[in-house]
Amino acid sequence: MPTTSLRLDEIDVRLIDALQIDADRTLRDLGEEVGLSPSAVQRRVQKYKRDGLIRTVAQIVPERAPALTQALVFLALTTETPETHRRLTDALRAHPLIRECLLLAGEWDYVVVVSAASVQELRDVCTALFKADGNIRRYDTMFILDTVVAGARIPAEYLT
């Protein structure tokens with residue numbers, strides 16, 4: 001991902017905030033909101049993508065996937081070295097059922113969001129990834145019952 005210093009003006013902040021709310025809006029609609037022509041909006045959006053600031057993805061609404069089983073899995077490592085962290089994060093990034101992984105401070109080292117088709121599949125994933133890893137001292141699984149807030153945006157003003 002490219003790393004450039006961010007020089008965002010007030011229009012950038014407003015445009016990025018608008019895109020986080022609904023990236024499917026037309027360029028014309030976005031332009032009217034921030035005071036730019038559709039082509040100027042398109043140039044800015046392309047620059048944000050080129051600079052690695054934003055990406056466009058499709059997200060499935062969890063409520064529309066009745067077979068979905070999700071859990072938070074908290075991990076505590078036995079030994080913490082750059083190599084052990086790299087080995088774990090590489091394995092998590094490569095696994096198709098790992099939706100998210102966050103490095104933590106405190107009692108737990110990581111929290112992982114796992115999605116599966118069933119409780120059995122989720123258990124199998126956890127066994128394969130976490131029980132089989134000799135460097136995971138402990139893991140605790142908490143099933144997700146409902147999504148209260150999803151896709152929370154990051155205020156673009158924090159980028160400046």
Side-chain angles (χ1 to χ4, degrees), residues 1-77 80 82-117 122 125 129-130 139-160:
M1 175 180 303
T3 57
T4 59
S5 61
L6 298 175
R7 291 191 192 104
L8 302 177
D9 60 24
E10 180 58 35
I11 292 175
D12 289 315
V13 170
R14 290 175 40 223
L15 181 55
I16 292 167
D17 281 340
L19 287 166
Q20 288 186 91
I21 293 166
D22 183 1
D24 285 333
R25 292 170 61 189
T26 66
L27 296 172
R28 180 181 311 275
D29 186 35
L30 290 165
E32 287 174 4
E33 181 172 332
V34 300
L36 292 175
S37 69
S39 60
V41 169
Q42 184 176 34
R43 282 191 300 274
R44 286 186 186 229
V45 171
Q46 288 171 340
K47 181 178 180 346
Y48 305 152
K49 288 179 180 182
R50 187 176 55 249
D51 289 349
L53 183 60
I54 66 170
R55 65 176 176 251
T56 306
V57 298
Q59 291 186 327
I60 294 174
V61 177
E63 295 79 17
R64 298 298 302 249
L68 182 66
T69 301
Q70 298 184 98
L72 298 176
V73 182
F74 291 83
L75 307 175
L77 302 182
E80 292 191 58
E83 176 59 24
T84 59
H85 283 280
R86 187 199 55 74
R87 196 168 50 244
L88 175 64
T89 57
D90 285 352
L92 295 173
R93 284 184 185 109
H95 200 287
L97 298 182
I98 303 302
R99 282 197 36 223
E100 198 165 351
C101 176
L102 304 167
L103 178 64
L104 305 174
E107 178 183 355
W108 298 100
D109 296 308
Y110 291 91
V111 63
V112 180
V113 180
V114 183
S115 295
L122 197 135
V125 168
L129 285 175
F130 309 132
Y139 73 93
D140 195 3
T141 304
M142 297 180 194
F143 287 95
I144 298 172
L145 302 177
D146 195 9
T147 301
V148 179
V149 175
R153 67 182 188 86
I154 298 170
E157 66 193 46
Y158 296 168
L159 299 171
T160 58

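We count residues from 1, following the sequence as given.
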**Request:** Answer yes or no: does atom CD1 of I154 have more than 12 heavy-atom neighbours from other residues, nucleotides or ligands under 6.0 Å?
**Result:** no
**Complete:** Interatomic distance, CG@D146 vs CD@Q70, rounded to 0.5 Å, equals 10.0 Å
**Message:** Could you report the tightest heavy-atom contact between P38 and R28, atom names first, then the distance?
**Reply:** CG-CA, 3.8 Å
**Prompt:** Should F130 and L92 be marked as a side chain to side chain contact (heavy atoms under 4.5 Å, CB included) after you check the CA-CA gap, both sets of side-chain angles, and the distance that decides it?
**Reply:** CA-CA 10 Å; F130 309 132; L92 295 173; 3.8 Å; yes
**Request:** Indicate yes or no: at least one non-hydrogen side-chain atom of L77 is less than 4.5 angstrom from one of H85.
**Result:** yes
**Prompt:** Would you call I54 and V45 a side-chain contact if the rule is heavy atoms closer than 4.5 Å?
**Reply:** yes
**Side chain proximity check, M142 to F74, heavy atoms < 4.5 angstrom** = yes
**Request:** Evaluate the side-chain proximity of L72 to V113: yes if any heavy-atom separation is below 4.5 Å, no if none is.
**Result:** yes
**Prompt:** Considering all heavy atoms of both residues, which atom of T141 and which atom of A71 are nearest to each other, and what is their separation?
**Reply:** CG2-CB, 3.7 Å
**Message:** To the nearest 0.5 Å, what is the distance between CG on L27 and CD on E32?
**Reply:** 11.5 Å
**Message:** As a quick check of understanding, evaluate side chain to side chain contact (heavy atoms under 4.5 Å, CB included) for I16 and L8, giving each step before the final call.
**Reply:** CA-CA 10 Å; I16 292 167; L8 302 177; 4.2 Å; yes
**Prompt:** At their closest point, which heavy atom of Y110 faces which heavy atom of C101, and how far apart are they?
**Reply:** CD2-SG, 3.6 Å
**Fill in**
R44 meets the salt bridge (charged side-chain N to carboxylate O under 4.0 Å, His left out) criterion, sequence neighbours left out, with D9, D12
**Request:** Show your working on side chain to side chain contact (heavy atoms under 4.5 Å, CB included) between V112 and Y139 and close with a plain yes or no.
**Result:** CA-CA 10 Å; V112 180; Y139 73 93; over 6 Å; no
**Prompt:** Looking at side-chain heavy atoms only, is the closest gap between V13 and L159 below 4.5 Å?
**Reply:** no
**Asked** For the atom pair CG (D24) and CG (L19), what is the distance rounded to the nearest 0.5 Å?
**Response** 10.0 Å
**Fill in**
So CD of E107 and CG of D140: to nearest 0.5 Å the spacing works out to 9.0 Å
**Beyond-backbone contact of L75 with D109, side-chain heavy atoms, under 4.5 angstrom** = no
**Prompt:** Does any non-hydrogen side-chain atom of L129 lie less than 4.5 Å from one of V73?
**Reply:** no
**Request:** Return yes when atom CZ of R86 has more than 12 non-hydrogen atoms of other residues, nucleotides or ligands closer than 6.0 Å, and no otherwise.
**Result:** yes
**Message:** Rounded at 0.5 Å granularity, tell me how far NE2 in H95 sits from CG in D90.
**Reply:** 14.5 Å
**Asked** Do the non-hydrogen side-chain atoms of D29 and D22 ever get within less than 4.5 Å of each other?
**Response** no
**Prompt:** Is any side-chain N of the basic residue among E83 and R87 closer than 4.0 Å to the acidic one's carboxylate O?
**Reply:** yes
